[in-house]
Amino acid sequence: MRIGISCYASHGGSGVVATELGKHLAARDHDVSFISYTTPLRLIELPPRVSFHEVQIEEYPLLKNFPYTLALASKMAEVARMKELQILHVHYAIPFAAAALLAKQIAPELNLKVVTTLHGTDITLVGNNASFKPVTKLTIERSDAVTAVSHFLKDETYRQFAVTKKIDVIYNFIDPAQYDYPISPCIPPCDSPRQVTLMHISNFRPVKRISDVLQIFAKVAAVIDARLLLVGDGPDAPVAEQIARDLAVVDRVKFLGVVDRVSSLLRAADLLLLPSETESFGLVALEAMAAGVPVIASDVGGLTEVIEHGSCGYLAPVGDVEQMSRYALKLFADCLLHRSFAEAGRKRAAQLFPAQQIVPQYEAVYKRVLS
Ligand code: GMT
């Protein structure tokens, strides 16, 4: 099949899923054209059958804000004609689905099919904003197929938008081949004494509750020798630094910024913290599980579909930093429990969320809309 993909290219789960999907589709003999304002983070080298098409953003004195959606729609139609695309698969409803529906009308001779994948904040936060809500609803209704990354998100879409459209749930995925390294050495007391590493990976938006990450860490670090690696960047990164100072743990917190290869970095972690306000899936929790890293997260949204409480991680109510730090200390006090969580997470990730199982689910949606 010939598939165009549009997504947010900057760091963020939807861009990662879109890019990894495109690469897997190309490896399965499909032609994939990425259409975006910049090269997606995980598309540094273009594999065979993958092309990248840049949407030009130009400033005009008359326009206060550049109308990106329109430029994207024109580019989508241009690429669709050039590459004879059959499908435009857009990741995140706003603005990609709207642009794709316009492109479909610009090039009616192609009979393009629009597949929209909802990732979360496009429904729970951004797309639900009064300025976008009617457009988001229209794009869901008019797409040829809609997928959501969890049952939680599917239900939330029905609840918030009162649509009747069929929504297929297709989970985020990992490539187990990227995690074919041994699970990291046992933590103390099994192992010789060493510092344990907690990690948080995100785009540092308020929804990630960075303050909770630091509070949990401070409680753990008050009891055992620990460090915190903060991976990613975003508006709350400076806030994180200030909180670390206020909690007097700044000397044990390292800010690593944006890192491309999360799978390698996770080798350094003994525990992942994801105390988000909401999370439609929580790709980073799945990546940690695949790496054999136990996860402590909020018991919200799609996280409950990803993490099995008490087997590969612990879930606690949003904001309950006391309980989350107790869970962390429980894991660090029992090296056999920690090891069994690490192994269970890796097994669950490989059994339920491998690319080999998930990518064909997208192919089935493409075939359905083309038939
Ligand atoms: O988490 C973010 O803020 C980034 C966001 C995005 O749209 O890129 O991630 C969303 O999509 C990911 C991929 O499907 C999901 O794994 C994340 O859970 C979801 N984020 C939220 O729901 C907050």
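Keep in mind that this is a model prediction, so the values were computed, not measured. In listed order, ligands and their atoms are each counted from 1.
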Under the salt bridge (Lys or Arg N to Asp or Glu O under 4.0 Å) rule, what do Asp270 and Arg194 come out as? Steps first, then yes or no, please. CA-CA 11 Å; Asp270 298 303; Arg194 69 171 173 93; 3.0 Å; yes
Report the C-alpha distance between Tyr362 and His24 in whole Å, list the side-chain angles of each, state the deciding distance to 0.1 Å, and finish with yes or no for ring-ring contact (aromatic ring centres under 6.0 Å, His included). CA-CA 11 Å; Tyr362 281 113; His24 280 281; over 10 Å; no
Go through the steps for Lys219 and Glu322 under the test salt bridge (Lys or Arg N to Asp or Glu O under 4.0 Å), then give the verdict. CA-CA 8 Å; Lys219 287 177 193 299; Glu322 287 294 340; 3.0 Å; yes
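Applying the 4.0 Å criterion to heavy atoms of Lys208 picks out, from ligand 1, the atoms 1 (O), 2 (C), 3 (O). Residue-ligand proximity, Ser280 to ligand 1, at heavy-atom distances under 4.0 Å covers atoms 15 (C), 17 (C), 18 (O), 19 (C), 21 (C), 22 (O). Listed by atom number, the atoms of ligand 1 under 4.0 Å from Gly282 heavy atoms are 15 (C), 16 (O), 17 (C), 18 (O). Each of the atoms 23 (C) of ligand 1 lies under 4.0 Å from some heavy atom of Thr278. Against a heavy-atom cut-off of under 4.0 Å, Tyr92 is close to the following atoms of ligand 1: 7 (O). Numbered from 1 in the order shown, with element, the atoms of ligand 1 that lie under 4.0 Å from a heavy atom of Gly12 read 8 (O). Those atoms of ligand 1 with a heavy atom of Asn203 less than 4.0 angstrom away are 2 (C), 3 (O), 4 (C). Atoms of ligand 1 lying under 4.0 Å from at least one heavy atom of Gly13, given by number and element, are 4 (C), 6 (C), 8 (O), 9 (O), 12 (C), 13 (C).
With a heavy-atom cut-off of 4.0 Å, Leu283 touches ligand 1 through backbone and side chain alike. Counting heavy atoms closer than 4.0 Å to ligand 1, residue Arg205 contributes nothing at all. Using a 4.0 Å cut-off between heavy atoms, Asn172 contacts ligand 1 through its side chain alone, with no backbone atom that close.
If you look at Phe353 and Phe281, their ring centroids are closer than 6.0 Å. Taking the ring centroids of His53 and Phe34, they lie at or beyond the 6.0 Å cut-off.
Between Glu277 and ligand 1 there is no heavy-atom distance shorter than 4.0 Å.
In this structure, CD in Gln323 is found 10.5 Å from CD1 in Ile216, a value given to the nearest 0.5 Å. Going from atom OG1 of Thr157 over to atom CD of Gln160 covers 7.5 Å, rounded to the nearest 0.5 Å.
By the 6.0 Å and 45° rule, Arg159 does not stack over the aromatic ring of Phe152.
Inclusion of Val207 in the set of residues having an N or O under 3.5 Å from an N or O of ligand 1 is not warranted.
Inspection of the Ser150 and Ser280 side chains reveals no N or O donor paired with an N or O acceptor under 3.5 Å.
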